[in-house]
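All remarks here apply to the structure that follows.
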Amino acid sequence: MEHYSRISDIREDLFSGKVTCTDLVKYYLKNIEEKSHLNAFLEVWGDEALLRAAEIDGKVKAGNAGRLAGTVIALKDNLSYKNHKVSASSKILEGFESLYSATVVERLLAEDAIFIGRTNCDEFAMGASNENSAYGLVKNAANESKVPGGSSGGSAVAVQARMAHCSLGSDTGGSIRQPAAFCGLYGLKPTYGLISRWGLLAYASSFDQIGPMAHSLEDTVLLTEIMAGKDEHDATMLQQESPEFKELQAPTKVKFAVMRDAVEGEGIAADVKQKMLNLIAALEKDGHEVSYFDFPLLEYMVPVYYVLTTAEASSNLSRYSGMLYGYRSENATDLESTYVKSRTEGFGAEVKRRIMLGTFVLSSDQYDAYYEKAQKVRRVIQQETDKILAGADAILLPTTSTAAFGIGEKAANPVAMYMADLLTVQANLAGNPAISIPAGNNQEQLPIGVQLMTGRGEEQQLFDISKLIANTLATI
Ligand code: GLN
């Protein structure tokens, strides 16, 4: 089977009869079987995908197939798909089945996408390595001793190792972009409110966004367009119709703002720094303007992110009480012990740590010192980000400060793991769209990702400039 990197190529072959949806599903199912040791999938919906493939092959013949005919998608295990299991990789939701589908799932189905299974992730999307899953870690297909990134690690590896054409992830502080960077893919965190969160198992609602992971920019744009647009089920959405993106055009003169510490800072690995410097030199040579800026708020970003997201998580996860659905301890004897034992046994260590941190920062004694202060700093980070973007078209920075790190390397040190989010949380704190663009491999053959951020609602500009970056990366 050809290694398709664009949906448009699949469609061309589908409509000329060179390939069928059934062939495609069989190909991915074979890869899933051969690569099961990577542990990217928690469940594979093989028979159902084959049935749907046959149905869509019929539509192709009849000439009424949707825009995603032939597109096989893997779903992160925190997205609801009616009558299918969803667990957020947590024991607390073991056996739970969705009663309705996420809006994004419905919109993709309406265009004839085929869902092939649900992918492993960090429990409740809390993590940066996919080592926090109740169902085991995921291995990076580029080097199986390395993590794939997290929390959408299974979604990244599913695409990287061709077990699905593309996938969906969720990004609260980098969970789409960071695994995309570690696995050599495109990954988009859209503007907050562009894509409905209805049917996403919430982690931190004022940060969470759903987005695509794909081999090509073109597919990233198409999937975004199909998923975006107002939805009455999600009150935090921008009340606008889905943008119709124009054909991508690499702009001829762009003003880039580069955060100095994100390139020259001491935590930035030599290979990442070199990639950025080569890219910047090539952009300047082509007549683009690159100016460096200092961002004194950088050191506050990760702490502010963790104060606010743990606070929101402690509230969002209170619904998992052992009462209404999901796991209930067999050792409980009364109401109180049902809550305590179900939660103690059902949640993993990282989730419990965050619930406790979040409960602490929201407690009446600590609220002003932590939660309220962090809200204020969040606003300042947003204002400063806006100021930089008022004088530039895009912020350019690496997605991560290193390529994929080793399995077990940071697992025992939560602070080191949290620092892996240093370069991705700004977009979530400020609500801006940001994309990770694959920038080739380092000497160890591990992928590196370059990140771009534009103003809120400026996805078209983000995609156009991404095309320029991809073109330029291909020349260095
Ligand atoms: N690594 C970050 C965290 O653990 C980001 C997770 C995410 O974006 N879901 O919170």
Side-chain angles (χ1 to χ4, degrees), residues 75-79 88-90 119-133 137-138 147-156 167-183 187-190 192 195 197 200-213 301-314 316-317 347-358 361 374 378 399-402 404-405 409-411 413-436 449 451 453:
L75 280 182
K76 183 175 180 178
D77 185 36
N78 61 358
L79 290 161
S89 290
S90 180
T119 56
N120 204 342
C121 57
D122 284 299
E123 187 177 355
F124 282 100
M126 298 176 186
S129 67
N130 216 127
E131 291 166 294
N132 295 338
S133 164
L137 53 83
V138 178
V147 303
S151 62
S152 316
S155 284
S167 63
L168 296 191
S170 63
D171 191 312
T172 307
S175 280
I176 292 175
R177 289 161 287 153
Q178 186 246 25
F182 282 3
C183 295
L188 173 76
K189 197 291 283 183
Y192 186 80
I195 292 182
R197 291 182 295 112
L200 169 70
L201 274 56
Y203 158 19
S205 311
S206 76
F207 294 75
D208 298 341
Q209 278 293 285
I210 300 167
M213 304 172 92
M301 286 206 269
V302 169
V304 165
Y305 169 81
Y306 277 94
V307 168
L308 296 176
T309 54
T310 55
E312 293 188 25
S314 76
N316 273 327
L317 271 56
F347 285 133
E350 181 61 26
V351 173
K352 282 191 258 199
R353 177 170 18 246
R354 296 198 189 194
I355 291 173
M356 291 200 297
L357 284 170
V361 301
R378 181 183 196 179
T399 309
T400 55
S401 48
T402 66
F405 47 87
E409 199 179 310
K410 297 188 203 274
N413 183 347
V415 175
M417 190 69 89
Y418 296 170
M419 290 313 286
D421 306 328
L422 181 68
L423 304 178
T424 47
V425 293
Q426 185 180 3
N428 306 77
L429 284 162
N432 293 45
I435 189 169
S436 183
Q451 190 182 189
M453 196 189 311

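Indexing begins at 1, ligand by ligand and atom by atom, following the structure's order.
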What residue and atom, counting heavy atoms only, is the protein's closest point to [atom], and at what distance?
atom	answer
atom 5 (C) of ligand 1	Tyr305 OH, 3.3 Å
atom 2 (C) of ligand 1	Asp421 OD2, 3.1 Å
atom 6 (C) of ligand 1	Ser175 OG, 2.8 Å

Practice prompt. Looking only at distances, please establish whether an N/O atom of ligand 1 is found under 3.5 Å from an N/O atom of Ser170.
Written response: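 N/O-N/O distance below 3.5 Å does not exist for this pair.
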Item to complete: Give yes if a backbone or side-chain nitrogen or oxygen of Met126 is under 3.5 Å from a nitrogen or oxygen of ligand 1, and no if not.
Response: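 Min N/O separation from ligand 1 is not below 3.5 Å for Met126.
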Worksheet item: Between Phe124, Tyr203, Tyr418, which one has a non-hydrogen atom sitting closest to atom 10 (O) of ligand 1?
Response: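 Going through Phe124, Tyr203, Tyr418 one by one, Tyr203 has the nearest heavy atom to atom 10 (O) of ligand 1.
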What atoms in ligand 1 come closer than 4.0 Å to a heavy atom of [X]?
X	value
Gly173	5 (C), 7 (C), 8 (O)
Asp171	8 (O)
Gly127	1 (N), 2 (C), 3 (C), 4 (O), 6 (C)
Ser151	9 (N)
Ala125	6 (C), 7 (C), 9 (N)

Item to complete: To the nearest 0.5 angstrom, please state how far the OH atom of Tyr203 sits from the CG atom of Leu317.
Response: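 Here the interatomic distance stands at 10.0 Å.
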In the structure I gave you, are the side-chain heavy atoms of [X] and [Y] within less than 4.5 Å of one another anywhere?
X	Y	result
Phe182	Phe405	yes
Ile210	Leu79	yes
Ser314	Met356	no

Worksheet item: Which one holds for Arg354 and ligand 1: side chain close, backbone close, both close, or neither close, with close meaning a heavy atom under 4.0 Å?
Response: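 Answer for Arg354: side chain.
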Practice prompt. Would you mind telling me if ligand 1 is within reach of the side chain of Phe207, the backbone, both or neither, using heavy atoms under 4.0 Å?
Written response: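 No part of Phe207 is near ligand 1 at this cut-off.
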Discussion item. Less than 4.0 Å is my threshold; does some heavy atom of Tyr306 fall inside it relative to ligand 1?
Written reply: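 Contact present.
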Worksheet item: Any luck finding a side-chain donor-acceptor pair between Ser205 and Asn316 under 3.5 Å?
Response: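 Short answer, yes.
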Item to complete: Kindly say whether Ala88 contributes a backbone atom to a donor-acceptor pair with the side chain of Asn78 at under 3.5 angstrom?
Response: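 Not at all, since once roles are kept as given, no pair shorter than 3.5 Å links the two residues.
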Worksheet entry | Arg378 charged N/C atom sitting above Phe207 aromatic ring, 6.0 Å / 45° |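 Yes, Arg378 lies over the aromatic ring of Phe207.
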Worksheet item: Checking side chain to side chain contact (heavy atoms under 4.5 Å, CB included) against Gln209, which of Ser170, Pro433, Pro190 comes through?
Response: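 Among Ser170, Pro433, Pro190, the one meeting side chain to side chain contact (heavy atoms under 4.5 Å, CB included) with Gln209 is Pro190.
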Item to complete: Run through Leu357, Val361, Asp421, Val415 and flag the one making a side chain to side chain contact (heavy atoms under 4.5 Å, CB included) with Tyr306.
Response: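 Among the candidates, only Asp421 passes.
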